[in-house]
Asks: 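My questions will all concern the structure given below.
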Protein chains: 2
Amino acid sequence: MTPTDHEQRLRGVGLRVTRPRVAVLAAVHEAPHADTDALIGVVRRDLPDVSHQAVYDSLRTLTEAGLVRRIQPRGLVARYESRVGDNHHHVVCRSCGVIADVDCAVGEAPCLVASDAGGFVIDEAEVVYWGRCPSCTD
Amino acid sequence: MTPTDHEQRLRGVGLRVTRPRVAVLAAVHEAPHADTDALIGVVRRDLPDVSHQAVYDSLRTLTEAGLVRRIQPRGLVARYESRVGDNHHHVVCRSCGVIADVDCAVGEAPCLVASDAGGFVIDEAEVVYWGRCPSCTD
DNA sequence: ACCTTTTCTTGAACCAGTCAAGAAAGTGAC
DNA sequence: GTCACTTTCTTGACTGGTTCAAGAAAAGGT
């Protein structure tokens with residue numbers, strides 16, 4: 001993923017190409033599941049004077065455009081990842097908070113269809129597994 | 001569910017019986033999926049001078065004791081419900097934020113076992129469906 | 001280059017939730 | 001019942017992630 005790749009992905013969804021956006025997109029690819037604060041740190045290695053607001057704005061814009069995905073397990077601050085468009089879920093360590101990707105048990109994502117949705121029109125199913133990571137199990 | 005029932009459920013899990021706790025337990029039964037602010041309002045119909053902190057403390061204690069369940073879809077404030085111990089999930093309306101209960105598509109909750117948990121020991125799976133409620137679909 | 005629109009900077013504000021110290025209430029033993 | 005001990009509640013301040021707002025700067029089309 002070169003800077004040019006990120007540029008083209010921005011243009012591809014009709015967004016203006018700005019240095020903060022390219023840097024944020026790169027940061028999300030570099031640091032999966034990082035929170036906003038960590039991403040600000042990564043972005044500032046390239047753009048030392050970028051404002052936190054620019055990062056917040058970029059993250060929102062990129063999320064709305066579908067270039068990144070926001071995840072926010074209960075009780076934790078928002079985190080971002082670059083894997084989008086697939087049906088993967090997350091497992092969160094109750095102890096240290098680390099997050100890992102998991103694929104749904106059954107390939108076709110059967111659990112994503114509720115038995116009785118009470119008249120709701122469902123367009124997304126979000127699954128979060130809770131437990132303990134290998135380091136915290138010892 | 002009488003006040004006495006709530007008392008006994010509190011004693012049953014080894015908690016002291018206090019007026020705020022009984023009132024909070026009753027409020028969660030009365031107003032499912034309500035947020036803390038709404039619950040404070042309900043509790044204050046019985047105990048007008050109860051502090052918000054007492055409600056926060058009670059909700060945390062009751063949640064930890066397993067008498068109520070906290071749910072917190074991303075971007076929304078925490079909400080509470082009295083259905084505990086079963087395997088039900090929730091559907092959230094993107095438009096108005098209303099929450100409804102849903103049961104998992106397959107009775108045995110197959111999606112609750114991740115195919116590859118990356119070494120995590122999983123003890124809970126949380127499913128949130130996103131969509132639009134009947135009122136907001138029109 | 002110029003103009004228009006979008007985005008970024010700066011700095012303040014918001015708000016659900018938490019922390020802390022002392023007062024009040026619950027519980028068990030006597 | 002009453003006492004003593006412990007937990008819980010009240011009061012009020014505070015935190016921290018996130019958002020809001022106004023003006024300056026940068027993108028992009030012509």
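What you see is a predicted model, and the numbers here were worked out from it, not measured in a lab.
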Asks: Which is it for B:Leu59 and B:Val24 under the side chain to side chain contact (heavy atoms under 4.5 Å, CB included) test, yes or no, and what are the steps along the way?
Replies: CA-CA 7 Å; B:Leu59 285 170; B:Val24 167; 3.5 Å; yes
Asks: Counting only heavy atoms not in A:Arg83 (residues, nucleotides, ligands), do more than 12 fall under 6.0 Å from its CZ?
Replies: yes
Asks: Expressed in angstrom and rounded to an integer, what is the separation of B:Leu76 atom CG from C:dG17 atom C1'?
Replies: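 It is 16 Å, rounded to the nearest whole Å.
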Asks: What is the separation between atom CD on A:Glu64 and atom C1' on C:dT7, rounded to the nearest whole Å?
Replies: 14 Å
Asks: Nearest whole Å is fine: how far is D:dA26 P from A:Leu15 CG?
Replies: 20 Å
Asks: Any side-chain N or O of A:Arg60 under 4.0 Å from OP1/OP2 of D:dT18?
Replies: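 No, no such contact exists.
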Asks: To the nearest Å, give me how far apart NE2 (B:His52) and C1' (D:dT8) are.
Replies: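 The distance from NE2 of B:His52 to C1' of D:dT8 comes to 15 Å, rounded to the nearest Å.
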Asks: Could you list all the ring-ring contact (aromatic ring centres under 6.0 Å, His included) pairs where at least one residue sits in residues 57-85 of chain A, not counting sequence neighbours?
Replies: none
Asks: Could you check whether B:Asp101 and B:His33, counting side-chain N and O atoms only, form a donor-acceptor pair closer than 3.5 Å?
Replies: yes
Asks: Between B:Arg19 and A:Ala54, which residue's closest nucleotide on DNA chain C lies nearer the 5′ terminus?
Replies: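 Looking at the nearest nucleotide for each, A:Ala54 comes out on the 5' side.
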Asks: For a quick check of understanding: with a heavy-atom distance under 4.0 Å over all strands, which category does B:Thr61 fall into, base, sugar-phosphate or nothing?
Replies: nothing
Asks: Which of the following nucleotides, C:dG17, D:dT10, D:dT18, is nearest to the side chain of B:Ser51?
Replies: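 Closest nucleotide to the B:Ser51 side chain: D:dT10.
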Asks: What is the distance, to the nearest angstrom, from the CD atom on B:Gln53 to the P atom on D:dG12?
Replies: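 Distance check: B:Gln53 CD to D:dG12 P gives 13 Å.
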Asks: Over how many whole Å does the gap from B:Leu62 atom CG to D:dT8 atom C1' extend?
Replies: 13 Å
Asks: With nearest nucleotide decided by heavy atoms, which residue, A:Thr18 or B:Thr18, maps closer to the 5′ end of DNA chain C?
Replies: A:Thr18
Asks: Round to a whole Å and report the spacing from CG of A:Leu10 to P of D:dA27.
Replies: 12 Å
Asks: From the options C:dG17, C:dT27, D:dT10, select the nucleotide whose nearest atom is closest to the side chain of B:Thr36.
Replies: C:dG17
Asks: Touch check for B:Asp49, heavy atoms < 4.0 angstrom, all strands: base, sugar-phosphate only, or nothing?
Replies: sugar-phosphate
Asks: Evaluate the side chain to side chain contact (heavy atoms under 4.5 Å, CB included) criterion for residues A:Leu25 and A:Asp5: first the C-alpha distance (whole Å), next the side-chain angles of each, then the deciding distance (0.1 Å), finally the verdict.
Replies: CA-CA 10 Å; A:Leu25 201 43; A:Asp5 290 331; over 6 Å; no
Asks: Let me know the distance between CZ of A:Arg16 and C1' of D:dA26, rounded to the nearest Å.
Replies: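 Taking CZ of A:Arg16 and C1' of D:dA26, I get 8 Å after rounding.
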Asks: Does any donor-acceptor pair link the side chain of A:Arg21 with the base of C:dT7 at a separation under 3.5 Å?
Replies: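 A donor-acceptor contact between them is absent.
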Asks: Under 4.0 Å between a side-chain N/O of A:Arg11 and OP1 or OP2 of D:dA27, yes or no?
Replies: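 Answer no for this pair, as no side-chain N or O of A:Arg11 is under 4.0 Å from OP1 or OP2.
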